Number of protein chains: 4
Amino acid sequence: MYDDLIMKPKDEKKVEAIAAAVYLLAARHGLAAVTLADIAREAGVATSTLYVYYKSREDLLDDVYQKAKTATVTRYSRNDDPAASLKSRLRLIWNNIVDNRIENQQQVAFLEQYYHSEYLSETSCALGQRMTAPFLELLVGGQKSEQLKQVPPPLLAATVMGLAKETAVLVSRGHLPDDEDTRASGFQICWDAIRA
Amino acid sequence: MYDDLIMKPKDEKKVEAIAAAVYLLAARHGLAAVTLADIAREAGVATSTLYVYYKSREDLLDDVYQKAKTATVTRYSRNDDPAASLKSRLRLIWNNIVDNRIENQQQVAFLEQYYHSEYLSETSCALGQRMTAPFLELLVGGQKSEQLKQVPPPLLAATVMGLAKETAVLVSRGHLPDDEDTRASGFQICWDAIRA
Amino acid sequence: MYDDLIMKPKDEKKVEAIAAAVYLLAARHGLAAVTLADIAREAGVATSTLYVYYKSREDLLDDVYQKAKTATVTRYSRNDDPAASLKSRLRLIWNNIVDNRIENQQQVAFLEQYYHSEYLSETSCALGQRMTAPFLELLVGGQKSEQLKQVPPPLLAATVMGLAKETAVLVSRGHLPDDEDTRASGFQICWDAIRA
Amino acid sequence: MYDDLIMKPKDEKKVEAIAAAVYLLAARHGLAAVTLADIAREAGVATSTLYVYYKSREDLLDDVYQKAKTATVTRYSRNDDPAASLKSRLRLIWNNIVDNRIENQQQVAFLEQYYHSEYLSETSCALGQRMTAPFLELLVGGQKSEQLKQVPPPLLAATVMGLAKETAVLVSRGHLPDDEDTRASGFQICWDAIRA
DNA sequence: AATGAATGAGTTTTCATTCAT
DNA sequence: TATGAATGAAAACTCATTCAT
């Protein structure tokens with residue numbers, strides 16, 4: 001009965017309003033409690049309008065997830081200068097991750113909940129890996145120049161991202177101030193963790 | 001130990017079966033998709049029987065959360081020897097955290113989802129902080145003896161736990177082998193991260 | 001997620017009330033216009049109760065169809081005496097069909113609409129053929145004794161059933177009186193149609 | 001010819017495409033399952049375009065019904081020669097009915113479902129009777145010349161039409177071959193049924 | 001005339017919770 | 001204590017219809 005798996009997003013503004021509504025509501029009430037009626041109300045459209053853009057609730061959330069994931073990973077490498085030193089580049093990336101977590105709390109809250117709550121579509125799953133490939137290459141380069149520990153590269157990557165996340169969470173919850181000291185301490189920990 | 005949230009915990013076996021069902025289903029299908037009917041079926045009781053043990057769905061999940069959280073945190077300090085060196089004690093704790101994540105994946109999956117998806121009851125929230133207090137004290141002691149970095153203690157705690165988590169996730173997903181090398185590299189990273 | 005294809009009818013009275021509601025509403029408003037809320041109201045239960053008995057609207061209608069079809073075909077051979085003459089037996093069957101159509105108009109109305117409106121489940125489809133087998137044998141017997149025309153037996157069966165239906169429809173619509181004359185004329189036409 | 005039910009029948013091709021879509025979809029999925037979106041897609045127009053031609057869904061179906069009904073009844077008397085013998089004329093009509101049912105299965109499927117499923121508009125209802133009037137007159141003529149049974153004329157009409165339908169259904173379903181024998185047997189049954 | 005987009009008013013379906021036994 | 005059955009409230013989803021372009 002249905003032709004296409006994904007419907008054409010017609011009005012980009014509405015699609016973005018829908019995504020923003022999902023982020024907000026997931027962060028505020030928890031993804032499990034977010035209904036299509038909530039999303040529609042927050043996005044300023046009728047519930048049935050959501051079905052003009054998406055075939056089902058699952059489709060909607062999956063698309064929003066992909067949008068958010070792409071945006072997030074893109075922010076990780078913002079202002080990255082390939083000519084800079086390894087430590088400088090990692091500091092920038094680490095800061096980008098912390099910034100992203102703090103500035104886009106709602107998006108991050110949604111991403112983490114959706115990641116757990118439903119089996120991601122294969123497309124979404126592959127997406128994550130594709131985006132982190134350049135980051136892995138940077139780390140491998142650091143290992144070759146013997147600046148970083150000779151451990152499995154995914155462990156290095158997980159260390160950087162995990163530590164950035166922990167710092168950001170502490171800041172978001174008010175356990176740490178969002179200042180230069182926090183950034184300095186946080187990255188020092190990160191750098192000491194991975195350097196050779 | 002038991003407050004009024006739990007109504008008539010006569011049959012401990014049933015309570016455990018219910019908790020086990022919740023862990024399994026949350027890990028398999030995502031907590032948001034777990035219905036009381038699912039839990040009852042998996043636990044081998046009738047749906048209405050759940051109300052013999054709990055006042056509501058929220059109560060049930062909250063109790064299961066507290067059980068899991070307590071068990072988890074308890075495992076963190078298993079075999080801890082207060083007389084041992086700081087590094088030894090942290091290595092043991094780090095390994096305990098990794099072990100717990102690998103051996104009790106379903107429980108951990110539930111804990112993380114529940115933590116995100118709904119506002120924890122105050123009781124549950126306080127629980128987490130109470131359990132980690134001794135760990136924080138250990139770290140503060142390490143700072144006083146100048147073995148650890150002079151940064152806010154929560155940052156040290158988050159570092160240890162975050163890094164243990166990252167290692168365990170890589171192992172669980174098959175990206176790293178579950179062997180001595182992994183443990184050695186993982187803890188080396190952790191120790192370098194926090195040591196002065 | 002679901003265990004059984006067909007749920008166990010728990011309260012036979014309710015199942016019958018549901019079926020009766022479907023017959024009544026299908027006859028009154030047309031099957032396409034019958035909603036689950038209508039059925040529930042007419043049957044004196046809550047809408048959600050329908051889902052205690054059936055997995056979906058389709059399942060419900062399919063089960064009601066099978067019930068009605070079985071009941072109908074059973075009525076066709078009511079009081080049939082295998083020892084009676086061919087003509088007597090056919091007259092009885094023909095009358096039974098006419099009676100059924102007149103007395104169970106609602107059921108018949110539902111059967112005809114459901115037959116058209118949705119692709120019947122294979123089970124339902126097979127049912128029809130199984131029930132008419134004895135009738136076909138009777139006709140074949142009549143051909144062997146050269147009392148009936150030597151034409152394909154399904155054509156004889158369709159003739160008897162089709163003519164009984166036409167008579168019943170004329171009576172139901174008030175175009176013919178429901179009396180002995182009508183029965184006599186009607187069966188005379190039928191007998192002349194098939195006799196050798 | 002056109003009343004106010006039809007709004008702007010400018011493009012006859014589109015109107016025909018719409019009707020064809022209705023026949024096809026009603027036969028394939030059942031009339032109850034046919035949505036305006038389905039019809040539009042099958043007819044190659046936008047859904048809202050249907051409202052250029054019709055005021056509502058009901059109007060659309062009613063118009064399509066009238067078209068189909070007229071076409072069908074017209075086919076019944078195709079090549080009818082008022083000068084021919086009664087039996088010849090009835091044989092022709094009987095064959096025309098069988099032909100129509102076999103050749104226009106989709107149209108017939110739609111007609112029967114629409115006839116059952118919704119109360120026909122008065123116009124549509126009257127149409128059916130108007131079309132069959134000449135046929136009734138032919139039968140009454142046959143009774144006057146004592147060639148046909150002295151029974152209520154509607155019974156004779158129903159007999160002829162009902163038997164033609166049954167034969168056609170058996171052929172359509174593959175239970176009978178579409179050959180001369182089938183036609184001969186079929187009409188023999190019909191003629192024996194009604195002749196005096 | 002033709003249509004893509006939007007929607008209100010419904011429909012089916014789900015599920016936590018209650019209740020009689 | 002345990003449960004099968006029932007249900008109200010709310011969820012997802014559908015679709016005929018409207019409207020700006």
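All values reported here derive from a predicted model rather than from experimental measurement. To find a chain, count down the sequence lines: A is the first, B the second, and so on, and within it residues start at 1. Worth knowing before you read on, the calculation uses all heavy atoms, side chains too, and leaves out hydrogens, waters and symmetry mates.
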**Q.** Nearest-nucleotide comparison on DNA chain F, the residue closer to the 5′ end among A:D38 and B:L50
**A.**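 Nearest-nucleotide comparison on DNA chain F picks B:L50.
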Find the distance between [atom1] ([X]) and [atom2] ([Y]) and round it off to the nearest 0.5 Å.
| X | Y | atom1 | atom2 | result |
| --- | --- | --- | --- | --- |
| B:F110 | B:Y65 | CZ | OH | 8.5 Å |
| D:L50 | D:K14 | CG | NZ | 10.5 Å |
| B:I39 | B:Y23 | CD1 | OH | 11.5 Å |

Q.
For residues 39-49 of chain C, which residue pairs pass the salt bridge (charged side-chain N to carboxylate O under 4.0 Å, His left out) check, not counting sequence neighbours?
A.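 The answer is C:D38-C:R41.
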Q) What residue among A:L25, A:L111, A:L24 forms side-chain contact (heavy atoms from CB on, under 4.5 Å) with A:Q106? A)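 Checked A:L25, A:L111, A:L24 against A:Q106; only one passes side-chain contact (heavy atoms from CB on, under 4.5 Å): A:L24.
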Q) Are B:T74 and B:T70 side-chain neighbours, meaning at least one heavy-atom pair lies under 4.5 Å? A)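 Heavy-atom side-chain distance check passes, below 4.5 Å.
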Q: Using atom types as modelled and distance alone, determine if a side-chain donor or acceptor of C:T49 lies under 3.5 Å from a backbone N or O of C:V45.
A: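 Absent.
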Q) Short question: side chain of B:Q113, backbone of B:L31 - any donor-acceptor pair under 3.5 Å? A)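 Yes, because the side chain of B:Q113 sits within donor-acceptor range (under 3.5 Å) of the backbone of B:L31.
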Over how many whole Å does the gap from [X] atom [atom1] to [N] atom [atom2] extend?
| X | N | atom1 | atom2 | value |
| --- | --- | --- | --- | --- |
| A:I39 | F:dA10 | CD1 | P | 18 Å |
| D:R41 | E:dA2 | CZ | C1' | 18 Å |
| D:H29 | F:dC15 | NE2 | C1' | 16 Å |
| C:Y53 | F:dG4 | OH | P | 14 Å |
| C:L61 | E:dT11 | CG | P | 15 Å |
| A:D59 | F:dA12 | CG | P | 14 Å |
| B:Y54 | F:dA2 | OH | C1' | 16 Å |
| A:L60 | F:dA11 | CG | P | 16 Å |

(Q) Go nucleotide by nucleotide along DNA chain E from the 5' end; which of A:T49 and B:A37 gets its closest nucleotide reached first? (A)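 The 5'-side residue here is A:T49.
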Q: Select from A:K14 and D:A46 the residue whose nearest nucleotide in DNA chain E is closer to the 5' end of that strand.
A: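 Its nucleotide being nearer the 5' end, the pick is D:A46.
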Q.
Both atom distances under 3.5 Å, Watson-Crick or G-U wobble: I'd like the secondary structure of DNA chain E as a dot-bracket string, with | for pairs made across strands.
A. .||||||||||||||||||||
Q: Please check if any side-chain donor atom of C:D62 sits under 3.5 Å from a side-chain acceptor atom of C:Y114, or the reverse.
A: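 C:Y114 and C:D62 do have a side-chain donor-acceptor pair below 3.5 Å.
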If you restrict it to nitrogen or oxygen atoms, what contacts under 3.5 Å exist between nucleotides 17-21 of chain F and the protein, and what is each distance?
residue	atom	partner	partner atom	Å
F:dT17	OP2	D:Y51	OH	2.8
F:dT17	OP2	D:R57	N	2.7
F:dT17	O5'	D:Y51	OH	3.1

Q. So what does A:T35 touch, heavy atoms closer than 4.0 Å: a base, only the sugar-phosphate, or nothing?
A.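 If one applies the 4.0 Å heavy-atom cut-off, A:T35 turns out to touch the sugar-phosphate alone, with no base involved.
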